[in-house]
Asks: 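Below is one structure. I have some questions about it.
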Amino acid sequence: MWEQAVLEMAAMAEFSSVRSVAEVPEGDDAKHVFHHRMFLEPQEEKRNLKALMVKRAKETCSCTPAKVKDCVFSLFPILQWLPKYKLKECLLGDLMSGVIVGVLLVPQSIAYSLLAGQEPIYGLYTSFFAGIIYSLFGTSRHISVGIFGALCLMVGQVVDREVQRAGYDLEAATVSAHTDTVTQVNTTIVPLNQTSQILLCDKTCYAIKVGATMTFIAGVYQVAMGFFQVGFVSVYLSDSLLSGFVTGASFTILTSQAKYLLGLDIPRSSGVGSIITTWINIFRNIHKTNICDLITSFLCFLVLIPTKELNERFKSRLKAPIPVELAVVVAATLASHLGKLRETYGSSIAGEIPTGFLPPRPPEWNLIPNVALDAIPIAIIGFAITVSLSEMFAKKHGYTVRANQEMYAIGFCNIIPSFFHCFTTSAALAKTLVKESTGCRTQISGIVTSLLILIVLLVIAPLFYSLQKCVLAVITIVNLRGALRKFKDLPKMWHLSRVDTIIWIVTMASSALISTEIGLLVGVCFSMLCVIFRTQKPEAPLLGWVAESETYESLSAYKNLQTKPGVMVFRFEAPLYYINKECFKSTLYKQTGVNPAQVKAAKKKAAKRMLRHKEMGSGGNQTGISLELVSEPLGFHTIVIDCCAVQFLDTAGIRTLKEVCKDYKEIDVQVLLAQCNPSVRSSLIRGEFFKEGEDHLLFHSVHQAVDFALGVQEHSGTSASKN
């Protein structure tokens, strides 16, 4: 009877005009609500893949003057904004921000060089080239590209590993690599160029070879990602993951700099668990602490931390932050030189910093197989941080950036400088905030910063000869305050999203306790597993009707919702695919309180019992009871599945829906689908979900499906009463 009523309703709906309101047939007193079927004409199918590829190939390979011009202007954004540069409005702000960032960047470049396992001069080279190259290729007006602590740490770990593999003593005395006559530290001999001349290369020379080669490979990866337009890779690095990674790397950075604070001469640990190994070595050698370095570190902390706090607290009142780092470097250099701290107390100093530039040199091609894998996380982290900062400041100031062009920009910031003895760069949040707050308008400020570093390279650099390494370590550690303060945000993060908080903690702990590279991989895998777990066991509530509306909402979330008699509305808030198909079925059975398989089994069991009683000639009382058990009503006649949150279906999902509809149909319960998106509808049609003539049972709203179910039930009841 139910199937007959449905067919009658469908036939009447086919002949009905454009109506979805109640209609009263002649001769009937009762009103029947008919299903108004919407006719949506699909768009024409797109061309086949071959035709599309041919068209794209023609467009790509065609060469016209206008296209060449657009390509050049796209690759070099400076050609677009520089001719329109407004001197009166922008120049003063750009000059001020460029000078201030340059003053802050000089001591940080020297300090972060130690973190990357390089001599101070190479940090200055890196900062100089990064600012100029990004201004040519970048689309952001505000970010500051240069040395970033987490990347320096990752570079330094690879450098130490390769230096040790090459047979160099990690703590051997180093000599500047720019001299033609190099003091022999060991017997390792490597070619410095492609000529037949063979020169000795000490540890410092080999370290920058490793760093520059890895920087080159990371840049190639980034440019390749831009060329193939795979910027979506950064989507897998969520904000909580990046924040946890940077905080975990900060612990490793702090640990690596602790030996300089104490003036200890211990090897730098690398690999899994390096942070634990380093602290064990520190405590084993704590009795060898250099008192002079310890006192200097303590005094620098006393000056730097309070002044940095004042800069942050009164940044709205200060026109420019107090350049306390530069003041500390100058004062510490003078004190070390005048007090002869190296000769008297054995303090470790920066050593000779040459002026000018070393001649360019290509990467060491033989090292590429050794560092190619290590360059992958460096490339991804550098790109992700640069793009996220670019988009953040572009949104704040009302302009747009191009993610793929940013990938080109940061890639060239690594490829080109790698020929000039530089290591990996990316955008840095702290310097970008300073740059923005001091009036930056365009990347002219980055060029000003590079010119200031150039003056240091040509004139001032040798004056830092007596600067103690413990001062540089203090500067590095003090700049970790922002990352370490993330622990204060954990309660707020937990309140907003517990999953994001767990991702942060897992990434932070694995980056700190295992290693930075493995920590990043663990964070990515864990965050993807969290997404899978969310879809594996999603929310799946029953819905109720909001009075005087066509809206249905969760019964478990809201009060005063009404339910329609005989109709249950179920919403599954996730894609339906092979991972969660069993969860879908079990949750549906639990929410409706009816498992079709159990109902069918109970009916079969009751039917067998009736047959057995008849054969045995038992009394009619128990037979009547068994008949009641078989025909016991379920409490509902229709299930409406709200598919608005189902983004897609796979073959397992389609098969699951078929099974659910078939199983409920066998116990006289109709299953209707509502609010399916075009992708889900297409999947259902391709999967032959509907039998011929049944596609009208796909509804565009839950309210429409419920009205149809009630109308069918009322119509079937009327037909039964007539018969």
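One is the number of the first residue; the rest follow in order along the sequence. Computed from heavy atoms alone, side chains included, the values below leave out hydrogens, waters and symmetry copies.
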Asks: Between Gln443 (side chain) and Ser140 (backbone), is there a donor-acceptor pair under 3.5 Å?
Replies: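 Yes.
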Asks: Is any side-chain heavy atom of Val155 closer than 4.5 Å to a side-chain heavy atom of Tyr112?
Replies: no
Asks: Before giving the answer on side-chain contact (heavy atoms from CB on, under 4.5 Å), spell out for Phe148 and Thr424 the whole-Å C-alpha distance, their side-chain angles and the decisive distance to 0.1 Å.
Replies: CA-CA 8 Å; Phe148 181 60; Thr424 313; over 6 Å; no
Asks: Do you know which two heavy atoms are closest between Ala207 and Val159, and how far apart they sit?
Replies: CB-CG1, 3.7 Å
Asks: Establish, from distance only, whether the side-chain atoms of Ser144 and Thr432 form a donor-acceptor pair under 3.5 Å.
Replies: no
Asks: Tell me whether Thr501 contacts the main-chain N or O of Met493 through its side chain, where contact means a donor paired with an acceptor under 3.5 Å.
Replies: yes
Asks: Search all heavy atoms of Ser445 against all heavy atoms of Ser97 and return the closest pair with its distance.
Replies: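 For Ser445 versus Ser97, the nearest heavy atoms are CB-OG, 3.1 Å.
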Asks: If only atom types and distance count, is the side chain of Tyr125 paired as donor or acceptor with the main-chain N or O of Leu457 below 3.5 Å?
Replies: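 No, Tyr125 side chain to Leu457 backbone: no donor-acceptor pair under 3.5 Å.
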Asks: Does any non-hydrogen side-chain atom of Asn479 lie less than 4.5 Å from one of Glu325?
Replies: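 Answer yes - side chains close enough.
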Asks: Can you tell me how far apart NE2 (His142) and CG (Leu433) are? Round to the nearest 0.5 Å.
Replies: 11.5 Å
Asks: Can you confirm whether Val478 sits close enough to Phe301 that some side-chain heavy atom of one is under 4.5 Å from a side-chain heavy atom of the other?
Replies: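 Val478 vs Phe301: side chains touch.
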Asks: Between the main-chain N or O of Val220 and the side-chain N or O of Asn414, is there a donor-acceptor pair closer than 3.5 Å?
Replies: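 No, because the side chain of Asn414 does not come within donor-acceptor range (under 3.5 Å) of the backbone of Val220.
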Asks: Kindly say whether Ile475 contributes a backbone atom to a donor-acceptor pair with the side chain of Gln108 at under 3.5 angstrom?
Replies: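 No: the side chain of Gln108 does not pair with the backbone of Ile475.
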Asks: For Phe526, is the CZ atom crowded, meaning more than 12 foreign heavy atoms sit under 6.0 Å from it?
Replies: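 Result for CZ/Phe526: enclosed.
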Asks: When rounded to the nearest 0.5 angstrom, what distance separates CD1 in Ile143 from CZ in Phe393?
Replies: 9.0 Å
Asks: Main chain of Thr333, side chain of Ser336: is a donor-acceptor contact present, judged purely on distance under 3.5 Å?
Replies: no
Asks: Quick check on Arg165: does its CZ atom have over 12 non-hydrogen neighbours (other residues, nucleotides or ligands) under 6.0 Å away?
Replies: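 Counting other residues, nucleotides and ligands, CZ of Arg165 exceeds 12 neighbours.
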Asks: Which of these, Phe128, Tyr134, Phe129, sits in a side-chain contact (heavy atoms from CB on, under 4.5 Å) with Ser450?
Replies: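 Answer to the side-chain contact (heavy atoms from CB on, under 4.5 Å) test with Ser450 among Phe128, Tyr134, Phe129: Phe128.
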Asks: Kindly determine whether Val471 and Tyr260 satisfy side-chain contact (heavy atoms from CB on, under 4.5 Å), including the steps that lead there.
Replies: CA-CA 8 Å; Val471 177; Tyr260 296 113; over 6 Å; no
Asks: Any donor and acceptor pair, going by atom type alone, linking the side chain of Thr247 with main-chain N or O of Gly244 inside 3.5 Å?
Replies: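 Between the backbone of Gly244 and the side chain of Thr247 there is no qualifying donor-acceptor contact (under 3.5 Å).
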Asks: Just verifying a value: how many Å separate Ile353 CD1 and Tyr465 OH, rounded to the nearest 0.5 Å?
Replies: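 Nearest 0.5 Å value for the CD1-OH distance: 10.5 Å.
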Asks: Using the rule side-chain contact (heavy atoms from CB on, under 4.5 Å), only one of Leu472, Ile349, Ile121, Val329 pairs with Phe464; which is it?
Replies: Val329
Asks: Are side-chain heavy atoms of Ile381 and Leu242 found at a separation under 4.5 Å?
Replies: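 Counting from C-beta outward, Ile381 and Leu242 do come under 4.5 Å.
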Asks: Please answer whether the main-chain N or O of Asp239 pairs with a side-chain N or O of Ser243 as donor and acceptor at a distance below 3.5 Å.
Replies: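 No; zero donor-acceptor contacts below 3.5 Å.
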Asks: What's the separation between atom CZ in Phe245 and atom OG1 in Thr516, rounded to the nearest 0.5 Å?
Replies: 5.5 Å
Asks: Do the side chains of Thr449 and Lys435 get nearer than 4.5 Å, heavy atoms only?
Replies: no
Asks: Looking at every non-hydrogen atom in both residues, tell me the closest pair between Leu104 and Pro323 and how far apart they are.
Replies: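 That closest heavy-atom pairing would be CD2-CA, 4.3 Å.
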Asks: Would you say CZ of Arg342 has more than 12 non-hydrogen atoms from neighbouring residues, nucleotides or ligands within 6.0 angstrom?
Replies: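 Open: at most 12 neighbouring heavy atoms sit under 6.0 Å from CZ of Arg342.
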Asks: Quick one: pull up CG in Leu105 and CG in Leu452 and give me the separation to the nearest 0.5 Å.
Replies: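 Going from CG on Leu105 over to CG on Leu452, the span is 9.0 Å.
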Asks: Can you check side-chain contact (heavy atoms from CB on, under 4.5 Å) on Ile380 and Phe383, steps first, answer last?
Replies: CA-CA 5 Å; Ile380 295 175; Phe383 159 70; 5.7 Å; no
Asks: Look only at the side chain of Ser256 and the backbone of Ile253, and say whether a donor-acceptor pair between them is shorter than 3.5 Å.
Replies: yes
Asks: Would you give the length of the straight line joining atom OG1 of Thr289 to atom CG of Leu261, rounded to the nearest 0.5 angstrom?
Replies: 10.5 Å
Asks: Does Lys308 NZ have over 12 foreign heavy atoms under 6.0 Å away?
Replies: yes
Asks: What closest approach, in Å, do Ile378 and Ala218 show between heavy atoms, and which atom pair accounts for it?
Replies: CG2-CB, 4.3 Å
Asks: Check Ile217 against Ala372 and note the closest heavy-atom contact, atom names and distance.
Replies: CG2-CA, 4.1 Å
Asks: Are the side chains of Pro363 and Ile368 in touch, meaning some heavy atoms are under 4.5 Å apart?
Replies: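 Result no, sub-4.5 Å side-chain heavy-atom pair not found.
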Asks: Is any side-chain heavy atom of Thr126 closer than 4.5 Å to a side-chain heavy atom of Ser109?
Replies: no
Asks: Is there a donor-acceptor pair under 3.5 Å between the side chain of Ser527 and the backbone N or O of Val524?
Replies: yes
Asks: Flag the pair Lys209 and Glu162 as a salt bridge only when some basic side-chain nitrogen lies within less than 4.0 angstrom of an acidic carboxylate oxygen.
Replies: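 Salt bridge: no.
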Asks: With sequence neighbours excluded, tell me which residues meet salt bridge (Lys or Arg N to Asp or Glu O under 4.0 Å) with Asp374.
Replies: Arg161
Asks: Ignoring hydrogens, what is the shortest heavy-atom contact between Thr386 and Ala427? Give both atom names and the distance.
Replies: OG1-N, 3.2 Å
Asks: Can you find a pair of side-chain heavy atoms, one from Ser347 and one from Asn290, that are under 4.5 Å apart?
Replies: yes
Asks: Report the C-alpha separation of Leu367 and Phe216 in whole Å, then their side-chain angles, then the decisive distance to 0.1 Å, and conclude whether the side-chain contact (heavy atoms from CB on, under 4.5 Å) test is met.
Replies: CA-CA 11 Å; Leu367 287 173; Phe216 174 79; over 6 Å; no
